[in-house]
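Got a structure for you, questions after.
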Amino acid sequence: MHATPVADVLRGKAAVDSSVTVHGWVRTRRDSKAGCSFLQINDGSCFGSLQVVAPKELPNYEQDVMRLTAGCAVEASGKVVASQGKGQALEVLADGVKVVGWVDDPDTYPIQPKQHSFEYLREVAHLRPRTNTFGALARLRHTLSMAVHRFFHERGFYWIHTPIVTASDCEGAGAMFRVSTLDMANLPRTPDGQIDFTKDFFGKQAFLTVSGQLAVETYCLALSKVYTFGPTFRAENSNTSRHLAEFWMIEPEIAFADLSADADLAEDMLKYVFRAALNECGEDMKFFAERIDKECIARLEKFVESSFERIDYTDAIEILKNSNHAKKGKFEFPVSWGMDLQSEHERYLTEQHVGRPVVVMNYPKEIKAFYMRLNDDGKTVAAMDVLAPGIGEIIGGAQREERLDVLDRRIAESGLDPKAYNWYRDLRRYGTVPHAGFGLGFERTLIYCTGLGNVRDVIPFPRTPGNAEF
RNA sequence: UCCCCGGUAGCUCAAUGGUAGAGCAUGCGGCUGUUAACCGCAGGGUUGUAGGUUCGAGUCCUACCCGGGGAGCCA
């Protein structure tokens with residue numbers, strides 16, 4: 001028999017007086033000696049729970065209903081009726097309540113109807129989706145994911161499944177996780193004592209990807225507008241509220257495009273995705289505004305209505321130098337042209353100077369990756385970072401170097417082996433075009449939407465140094 | 001990896017170096033078409049681990065483990 005989602009009942013899709021069956025988990029039970037118990041049933045189909053009225057005439061009332069506690073799984077059937085109580089418009093008057101799954105030890109069931117700390121809930125990550133917050137997050141995460149795909153699909157982008165395992169160690173963006181089937185207790189050796197990776201699964205060293213960018217460029221230079229959206233892995237020993245060893249990243253790449261078009265795309269995409277959060281996750285966003293961050297809805301509304309502030313790196317340095325903050329000596333790191341922006345500088349720009357996300361463009365070439373396009377001044381590259389209040393860098397992007405001679409020079413300057421990049425160089429030998437792209441950290445975007453303070457709480461199963469439970 | 005803060009009941013937290021407590025949750029009783037219901041009673045603890053100082057350590061010291069905030073690195 002088909003169960004009706006709780007969402008359909010609460011939204012009036014099941015007619016009053018019609019019979020329905022709902023499945024779900026008990027959030028609370030309240031008993032009335034007037035002759036019934038009230039069960040709050042949640043099935044995750046929406047934020048709200050359905051009140052099921054279980055009258056004491058039910059044959060299993062004493063045996064089952066009176067023993068229900070938070071977390072029990074039930075199937076309830078009955079009529080949809082207008083509620084006599086105040087908290088809800090509709091409820092279900094049960095003619096049957098079947099217990100599908102008991103909580104075997106209610107005394108120690110980890111999820112109680114009260115506020116739990118996020119730190120505690122991380123330790124019970126297998127049960128935290130049963131809370132209001134993590135249910136809302138799961139729905140929001142899904143909605144934003146779908147909005148990302150819809151945004152690109154509507155604009156003629158193709159989703160490219162770039163590899164998770166990469167056999168080249170030339171991706172450059174930090175420490176990588178090794179993928180190997182070698183027997184670690186008995187490693188094969190070459191005659192000179194090195195580990196013989198020709199004996200490994202792929203016949204050479206392999207790693208988990210740190211970015212799909214280089215690979216997606218190959219499809220960009222054939223299909224024009226492409227993107228990746230998948231998991232990414234960084235083996236850095238980073239312990240902050242903004243870093244995960246496994247996270248999800250969105251990386252569009254557009255051909256016949258420059259940095260300005262890249263920034264336009266970033267702006268359009270974020271606005272589209274945030275509109276989806278506001279329009280499609282109203283109840284969940286309302287909950288975040290009530291319980292997590294009062295500003296979160298207003299922040300998104302403001303974002304979708306205003307345009308990005310764009311600042312040249314060189315101007316940003318001047319702004320920082322001339323700020324009262326600098327004059328009062330409040331920056332720990334002195335500001336000078338050529339330096340990478342420290343967290344305190346990024347925070348000042350986005351939180352104090354602009355008050356919303358800001359794009360900083362055209363950084364000195366020395367502090368950016370080899371593949372970013374050298375500007376005509378010979379000193380800067382066409383790179384951009386989108387900085388968001390409270391988070392810092394949410395997007396990192398660039399126009400790519402499409403000129404083979406310049407690329408080769410940059411590879412040499414960076415001390416890299418050109419041979420490792422032959423396939424990447426081929427893209428510049430055969431029909432090269434200006435192209436650009438960026439990477440958006442999905443979890444950081446969710447933090448911006450919800451006001452939650454830690455990326456570990458917006459991904460279902462966080463992986464961080466020393467932690468890969470569940 | 002570095003700096004700072006923390007770890008006490010299932011959960012959230014109290015306790016001047018001197019008998020370990022409260023709220024919620026759970027169990028029992030009462031009351032009520034109830035709304036994180038309410039009222040009463042009860043059970044529930046190797047105070048993160050291992051040492052040390054002291055007549056006496058949850059409290060002070062050392063090491064380690066775990067968690068948080070910040071930094072670096074980045075998305």
Side-chain angles (χ1 to χ4, degrees), chain A residues 27-40 48-56 66-67 69-71 81-88 91 93 103 105-124 127 131-132 172-175 210-213 228 231-251 266 291 332-333 340-344 346-347 367-369 385-388 391-397 438-448 453-459 464-467 469:
Chain A
R27 287 289 178 85
T28 63
R29 187 195 87 216
R30 295 179 296 273
D31 304 319
S32 167
K33 280 297 181 308
C36 59
S37 289
F38 300 93
L39 306 174
Q40 293 296 138
S49 298
L50 174 67
Q51 175 159 286
V52 170
V53 183
K56 69 170 190 276
M66 286 298 286
R67 289 171 52 218
T69 56
V81 296
S83 179
Q84 301 172 36
K86 281 189 181 136
Q88 56 285 315
E91 64 192 21
L93 181 56
V103 167
D105 184 11
D107 193 43
T108 57
Y109 180 61
I111 306 296
Q112 301 296 342
K114 66 181 290 269
Q115 270 198 337
H116 292 285
S117 68
F118 288 112
E119 293 81 11
Y120 167 70
L121 289 170
R122 253 172 245 156
E123 293 167 12
V124 287
L127 296 170
T131 63
N132 285 330
V210 293
S211 165
Q213 181 208 315
T228 73
T232 305
F233 307 88
R234 303 272 168 97
E236 248 107 31
N237 190 7
S238 282
N239 290 289
T240 80
S241 57
R242 306 177 296 284
H243 287 87
L244 292 165
E246 175 183 290
F247 64 101
W248 287 62
M249 188 156 65
I250 297 145
E251 297 176 289
R291 302 298 276 274
E332 187 185 344
F333 297 89
D340 206 356
L341 297 180
Q342 302 291 320
S343 281
E344 57 176 350
E346 295 184 345
R347 292 184 86 109
I367 59 173
K368 288 293 181 183
D385 283 353
V386 178
L387 311 176
I391 302 168
E393 187 178 343
I394 191 170
I395 285 177
F438 63 82
L440 169 70
F442 192 51
E443 284 73 25
R444 291 184 182 178
T445 307
L446 281 162
I447 280 184
Y448 187 75
N454 198 314
V455 284
R456 296 169 194 183
D457 297 323
V458 297
I459 192 168
T464 52
N467 191 351
E469 286 300 306

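Below, chains carry the letters A, B, ... as their sequence lines are ordered, and counting in each starts from 1.
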**Asked** Nearest of B/U26, B/C73, B/C74 to any side-chain atom of A/Arg444?
**Response**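 So the nucleotide nearest the side chain must be B/C74.
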
**Request:** Send over the distance from A/Asn237 CG to B/G70 P, rounded to a whole Å.
**Result:** 17 Å

**Message:** Nearest whole Å is fine: how far is B/C66 P from A/Glu123 CD?
**Reply:** 12 Å

**Request:** Could you check whether A/Thr240 gets within reach of a base, just the sugar-phosphate, or nothing at all, counting any heavy atom under 4.0 Å?
**Result:**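 Base, at least one base atom sits under 4.0 Å.
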
**Request:** Could you tell me whether A/Thr445 contacts a base, only the sugar-phosphate backbone, or nothing, with contacts defined as non-hydrogen atoms closer than 4.0 Å?
**Result:**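 Nothing, no heavy atom under 4.0 Å.
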
**Request:** Answer with yes or no whether A/His243 presents, from its side chain, a donor or acceptor under 3.5 Å of a partner atom in the base of B/C74.
**Result:**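 Under the 3.5 Å cut-off, the side chain and the base do form a donor-acceptor pair.
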
**Asked** Which is true for A/Arg242 with a 4.0 Å heavy-atom rule: it touches a base, it touches only sugar-phosphate, or it touches nothing?
**Response** base

**Request:** Would you mind reading off the distance between A/Ile250 atom CD1 and B/A75 atom P, rounded to a whole angstrom?
**Result:** 14 Å

**Request:** Determine, answering yes or no, if A/Phe442 is stacked on B/A75 under the 5.5 Å centre rule and the 30° plane rule.
**Result:**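 Not stacked: fails the 5.5 Å / 30° test.
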
**Request:** Scan nucleotides 32-41 of chain B nucleotide by nucleotide, 5' to 3', and note B when protein non-hydrogen atoms come under 4.0 Å of the base, S if they reach only the sugar-phosphate, - if neither.
**Result:** BBBBBS----

**Message:** From CZ of A/Phe438 over to C1' of B/C74, roughly how many Å is that when rounded to an integer?
**Reply:** 17 Å

**Request:** Find the runs of at least 3 consecutive base pairs, i with j, i+1 with j-1 and so on, that include RNA chain B, using Watson-Crick or G-U wobble geometry with both distances under 3.5 Å.
**Result:**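 When the pairs of RNA chain B are grouped into runs of at least three, the stems are B:1-7 with B:65-71, B:10-13 with B:21-24, B:26-30 with B:38-42, B:48-52 with B:60-64.
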
**Message:** Applying side chain to side chain donor-acceptor pair (under 3.5 Å), can you list everything that pairs with A/Asn237, at least two apart in sequence or on another chain?
**Reply:**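 Here the qualifying residues are A/Asn239.
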
**Complete:** Here the distance between atom P of B/C73 and atom CZ of A/Phe247, to the nearest Å, is 16 Å

**Request:** Tell me what A/Leu244 touches on the nucleic acid: a base, only sugar-phosphate, or nothing, going by heavy atoms under 4.0 Å.
**Result:** base

**Request:** Using atom CD of A/Glu393 as one end and atom P of B/C73 as the other, report the distance to the nearest whole Å.
**Result:**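 Going from CD in A/Glu393 over to P in B/C73 covers 11 Å.
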
**Request:** Go through B/G10, B/A75, B/G72 for me and flag the one nearest to the A/Thr108 side chain.
**Result:** B/G10

**Request:** Would you kindly give the OH-to-P distance between A/Tyr120 and B/A9, to the nearest whole Å?
**Result:** 12 Å

**Prompt:** Is there a side-chain polar atom (N or O) of A/Thr232 under 4.0 Å from OP1 or OP2 of B/A75?
**Reply:** no

